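All values reported here derive from a predicted model rather than from experimental measurement. The sequence lines fix the lettering, A, B, ..., with proteins before strands; numbering per chain opens at 1.
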Protein chains: 2
Amino acid sequence: MTDTRQKLIETTKELLWERGYEAMSPNLVLERSGIGKGSMYHHFKGKKALASAAIQARSEELIAEFDAEFDIDLPLMDRFERYLCKPRDGLKGCRLGRLVSDISVTEDELRQPISALFTHAEQAFVQALQVAHARGEIELKADADALAATLVASIQGAFILSRAHSDPGYMDKVAQGAMQCLKASVVLR
Amino acid sequence: MTDTRQKLIETTKELLWERGYEAMSPNLVLERSGIGKGSMYHHFKGKKALASAAIQARSEELIAEFDAEFDIDLPLMDRFERYLCKPRDGLKGCRLGRLVSDISVTEDELRQPISALFTHAEQAFVQALQVAHARGEIELKADADALAATLVASIQGAFILSRAHSDPGYMDKVAQGAMQCLKASVVLR
DNA sequence: GTCTATACACCGATAGAC
DNA sequence: GTCTATCGGTGTATAGAC
């Protein structure tokens, strides 16, 4: 059934988030989903194919989520604040970003959908800044490309700090810092 | 010999950097170092103890490295620039930061030396900003704590983006962005 | 399509000779 | 202290009945 396939993907998404690629095993997926081994290998060639489908699905999901939150009719700075300061569970890590530490992900082409998500966010930020600038609404004290990458990086780094210190409060702390930096770098006219 | 012990730690540091904790195995350490299994288990109780020693050593090393680069007699902004823009191999990831994605690291107390490194850097940044502020050398447009955390997070995030895009150029891009943000947030008087 | 049984490699760890 | 041999467990994958 396509239902079985979907359940395998959902369970794999969960486990990749919790444990990353290396520490996630097909056996765990089967145990948690209650699906049998034969079913899994009927739908997917192996662990890598299963993870690939899950990562692809997660990427599409997060891109849609991003658009719903950022690509919206609000003043520029409100859009950034909405994105930067939205609630995130720092201790769990980024659903996709956490995976790039796994050697099997960066070596294979499993990283492609992760790259796509970050590219999407960066481009949306650059676009928003450039449009506002072209309209004469803002003056930029920083390069739009570099600023966009830095904002995305800040959030990813916030997850790292949260997990390192085992303190979810770092998400807000960094979000505040990033927001203050952004306000200092973008002069409204 | 204490030499064997040291070689085990050095090899483990390398492998933790390359593969993280989950994907690093004692067998790999032994193979690469040419040391026998019995030796390893003579010096260390097990994989976790070996990794713990390696992480502890790496943390001390990176703290010393940080001090040599940042805690230095230069103008404030030069010190930040020195730290933010120093050459880093983005594709390899942060020698310690990359480990917090591993569930075994964050669950156990292996994360303690990693937390210590980040705390050290954050406090040094806060200290530097506060001293300069107290001396009336700068005016701060952002909270020092939040700014410090954001700078550290940016670098960690830059590693994530570099690996996700498989593009080492993101290290410089984010460093530039962070530097511009910093300059916009810290007004020299 | 789904299940159980099984194969085979590797993992972390131990035993015991030297 | 160091080595080799080996253990029990688990990971990924396959076989083959239903």
Quick check on [N]: is either OP1 or OP2 less than 4.0 Å from any side-chain nitrogen or oxygen of [X]?
| X | N | result |
| --- | --- | --- |
| A/Ser39 | C/dG1 | no |
| B/His43 | D/dT2 | yes |
| A/Tyr41 | D/dA13 | yes |
| A/Thr4 | C/dT2 | yes |
| B/Ser25 | C/dC10 | no |
| A/Asn27 | D/dG11 | yes |

Can the positive tip of B/Arg88 be found less than 6.0 Å from the middle of the six-membered ring of B/Tyr83, inside 45° of the ring normal?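 Checked: cation-pi criterion met.
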
Take the angle between the ring planes of B/Phe125 and B/Phe70 and call it parallel below 30°, perpendicular above 60°, tilted in between.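 Rings of B/Phe125 and B/Phe70: perpendicular, as their planes differ by over 60°.
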
For the pair made of [atom1] in [X] and [atom2] in [N], what is the distance, rounded to whole Å?
| X | N | atom1 | atom2 | value |
| --- | --- | --- | --- | --- |
| A/Phe44 | D/dT12 | CZ | P | 15 Å |
| B/Tyr21 | C/dC11 | OH | C1' | 12 Å |
| A/Asp108 | D/dT12 | CG | P | 14 Å |
| B/Lys7 | D/dG1 | NZ | P | 17 Å |
| A/His42 | C/dT2 | NE2 | P | 7 Å |
| B/Leu30 | D/dA5 | CG | C1' | 15 Å |
| A/Glu31 | C/dC3 | CD | P | 15 Å |
| A/Lys47 | C/dA9 | NZ | P | 19 Å |

If you look at every strand shown and take non-hydrogen atoms under 4.0 Å, does A/Met40 touch a base, only sugar-phosphate, or nothing?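 Nothing: the residue A/Met40, judged by heavy atoms under 4.0 Å, touches no strand.
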
Using a heavy-atom cut-off of under 4.0 Å over every strand shown, decide if B/Gly38 touches base, sugar-phosphate, or nothing.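 B/Gly38: base contact, heavy atoms under 4.0 Å.
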
Does a donor on one side chain and an acceptor on the other come within less than 3.5 Å for A/Gln180 and A/Gln176?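 No, no side-chain donor-acceptor pair sits under 3.5 Å.
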
Sidechain-backbone polar pair: A/Arg189 side chain, A/Glu137 backbone, donor-acceptor under 3.5 Å: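 No, because the side chain of A/Arg189 does not come within donor-acceptor range (under 3.5 Å) of the backbone of A/Glu137.
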
Gap between atom OG1 of A/Thr12 and atom NZ of A/Lys47 - 0.5 Å precision: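 It comes to 10.5 Å.
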
